[in-house]
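In what follows, chains carry the letters A, B, and so on, assigned in the order in which the sequence lines appear, proteins first and then strands, with residues in each chain numbered from 1.
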2 protein chains.
Amino acid sequence: MSKRVTILDVAAAAGVSRQTVTRAMNGMSDISETTRARVLATAERLGYRPSRFARNLVNRKKTHAMGLVVASFRNPYFTEIAADLLSVAGERGWQMAMAASEGRAEDSIGVLTNQVDVIVGHFTGSDAVLRAASGGLPVVRLESRGTELGVHSVELDLESGVVEAVSALRARGARRFGMVDSTSSRNALGEYTPSLRRIWFEQAAGDQLAGGVVGEETIAGGAQAFARLLEAHPETDAVLMFNDLMALGAVQHAHAHGIDVPGRVRIVGVDGLSLGEAVDPRLTSIALDRLGLASHTLDIVDELAAADFADVPSIHRAVRSKLLWRDSA
Amino acid sequence: MSKRVTILDVAAAAGVSRQTVTRAMNGMSDISETTRARVLATAERLGYRPSRFARNLVNRKKTHAMGLVVASFRNPYFTEIAADLLSVAGERGWQMAMAASEGRAEDSIGVLTNQVDVIVGHFTGSDAVLRAASGGLPVVRLESRGTELGVHSVELDLESGVVEAVSALRARGARRFGMVDSTSSRNALGEYTPSLRRIWFEQAAGDQLAGGVVGEETIAGGAQAFARLLEAHPETDAVLMFNDLMALGAVQHAHAHGIDVPGRVRIVGVDGLSLGEAVDPRLTSIALDRLGLASHTLDIVDELAAADFADVPSIHRAVRSKLLWRDSA
DNA sequence: ATCGGTTTCGTGAACCTTCACGATACTCAC
DNA sequence: GTGAGTATCGTGAAGGTTCACGAAACCGAT
């Protein structure tokens, strides 16, 4: 466990002062070429490497970092959001550290707290849980509302997209609407509760509603739930799947069983994954404005930075969704 | 621009010493409950937040961070690697910061240098370029070999997978082999050069080689190149696509033009993306062992940490590939 | 009143770098 | 040789926290 070599070690070995070492290392002026070469050689020889902590300690100008915690990095939904967040963050001069918790996102906040200035992510727990886990760091909730001091949020308004989808489906001749909801849409007691998108969808469908089932939030879960829906309500000619992953399963099931999509039944997903572009038929989807989500998030984050990350009252933004009409509906 | 509130401010406001504030903040012992409550209240009131830099400056124990720089975060190939890297890194107690450069990966190393202890990524530039960009930080190249001091690498051995694929294709009756290579496989002068996987494939195909074309590394590029290949060599009954994305395009093209896959032509991709599982027919692919890649990378990174990130001679690992036989071949 | 033991709190130092400013040395002209 | 002007280098301080250790206060017992 060799002691770390510091700037003083280099200075002593090269027979100069710390400041001269700094000048040599950072390519500053006020130093002769011969000295610079000698110092650089010495640093190289000793394996000197400036401590990023000590450096940032004094350079407290603008090296901000945000931490993104996602439930799973294997879910394309999260990676696409991460991609947009990362690119917008980069543009605005923010570093981004990530952590993935294959489970409750709250649990993996801890590993980030010493690395970043603010936490961003999809969380299911309450604000209180969040505040406890974040150790005082401000938190930005994605797609759910935060109300407590220091918990901010970017919400997602799916209603307009759902309404738009239903009327577009009607315009193409759909008459019997079905919905596959997610089993993981739960209330505080852990019981299944209709998701908001289901409620809006059923409202929009009105008396043309054929029926609804629930399924797991995976491709296989979507396929299975879709099959049950068609079995229970064979007259269904338009289905809203909880998300694109499940919609993918529905399309696969239809294909495997010779059910024409969109001829026999129209399928609409939610999320607007670019994955939906790669399958056949290309997935129609209610897309969230991911870039908007990202820039709203960074608006908040910038605002927090301006307030020196103090506990300012909750800031809220909302992003709208819009219909991405492709081939499956 | 309010000055940042430090531990001393809190101490003064609460009428105690810095150390007592630390004790209160970190839940340490040797402090009475009343004092702790008072200090905590004061800290809350002033909005005190420990500086993560100052904290890590003294805690030089084991808060290591690695930086991952990927060319594009929208390419599922990179996100899947990032996912595995992230999960293995998490298991081993490493933080991970990411940067995406929509272009040359070398260019976006800079933003990470002050944040991490080591850089990991796919790079095309030379070791010298890399060392210059990294500012002395050790670098781990993925899927290409580094030779200079301080540049390490995890290489990918595709040969066994390619050979395995060809013999598996033969066993199913394939007799005329074609290959779609990537246009972006270039030599130092920027001219197209057959990729290693093409060379291996053509070696394995021997005199059963029908022909080869090149295309862009996208879904559309794959579709187009595939079409050209079939036009020039209609007898082709088995095609190796440069990667899964291009293979996806080939499958789509075949589907759109009524070409049976794998009946009329068998299609094999490279990478083993989980995306290939979601399409129909499921993509047969020469998969790299991504988890192996990740754990090899972290082996190296751990080794570098043990050496205090000094410039140790190049470390190399290699991961093998294996055939993932699904439905498209 | 004194003593030993425990609890609570404070002081000096370390961590490592960079910034601001002052000090020295060197150059050249007069 | 003296002066101004410039090139080169060094010193004190700051940045915010935690660790090691020592000091004070408290408490019941003798």
- Message: Can you list everything that forms a salt bridge (Lys or Arg N to Asp or Glu O under 4.0 Å) with A/E303? Sequence neighbours excluded, please.
- Response: A/R317
- Message: Using a 4.0 Å cut-off on heavy atoms, which residues in residues 25-46 of chain B reach DNA chain C? List them by number, or say none.
- Response: B/D30, B/I31, B/S32, B/T35
- Item | Between C1' of C/dC16 and OH of A/Y48, the distance in whole Å | 8 Å
- Under-4.0 Å side-chain N/O to phosphate OP1/OP2 contact, B/R55 with D/dT18: yes
- When you check the phosphate oxygens OP1 and OP2 of C/dT17, does a side-chain N or O of A/S51 lie under 4.0 Å from one of them? no
- Message: If I take atom CZ from residue A/R52 and atom CD from residue B/Q115, how far apart are they, to the nearest 0.5 angstrom?
- Response: 7.5 Å
- Inter-residue atom distance B/D302.CG - B/R92.CZ, 0.5 Å rounding: 5.0 Å
- Close residues, residues 13-20 of chain A, relative to DNA chain C [heavy-atom separation under 4.0 Å]: A/R18, A/Q19
- Between C/dC15 (C1') and A/L57 (CG): distance, integer Å: 9 Å
- Task: If a pair satisfies side-chain hydrogen bond (donor to acceptor under 3.5 Å, both in side chains) and one of its residues is in residues 139-149 of chain B, list it, with sequence neighbours excluded.
- Result: B/Y77-B/E143, B/H122-B/E143, B/D127-B/R141, B/D127-B/T147, B/R141-B/S144, B/R145-B/E155
- Message: For the helix from C/dA1-D/dT30 to C/dC30-D/dG1, what angle separates the axis at the start from the axis at the finish, each from five pairs, in steps of 10°?
- Response: 60°
- Query: For A/S153, what residues pass the side-chain hydrogen bond (donor to acceptor under 3.5 Å, both in side chains) criterion, not counting sequence neighbours?
  - Reply: A/H316
- Sorted by chain and number, sequence neighbours left out, salt bridge (Lys or Arg N to Asp or Glu O under 4.0 Å) with B/R131 holds for B/D311
- Query: Which residues pass the side-chain hydrogen bond (donor to acceptor under 3.5 Å, both in side chains) test with B/S29, sequence neighbours left out?
  - Reply: none
- Return each pair, listed once, that meets ring-ring contact (aromatic ring centres under 6.0 Å, His included) where at least one residue sits in residues 92-113 of chain A; pairs must be two or more places apart or across chains. A/H64-A/W94
- Looking at D/dG16, does its base get a donor-acceptor pair with the side chain of B/R49 below 3.5 Å? no
- By salt bridge (Lys or Arg N to Asp or Glu O under 4.0 Å), A/E217 pairs with (sequence neighbours left out) none
- Task: Measure from CD1 on B/I7 to P on D/dA14 and round the result to the nearest Å.
- Result: 18 Å
- For B/A133, check side-chain contact (heavy atoms from CB on, under 4.5 Å) against everything at least two apart and list the hits. B/I109
- Between A/R52 (CZ) and D/dG15 (C1'), how many Å, whole number? 17 Å
- Qualifying residues under salt bridge (Lys or Arg N to Asp or Glu O under 4.0 Å), relative to A/E33, sequence neighbours excluded: none
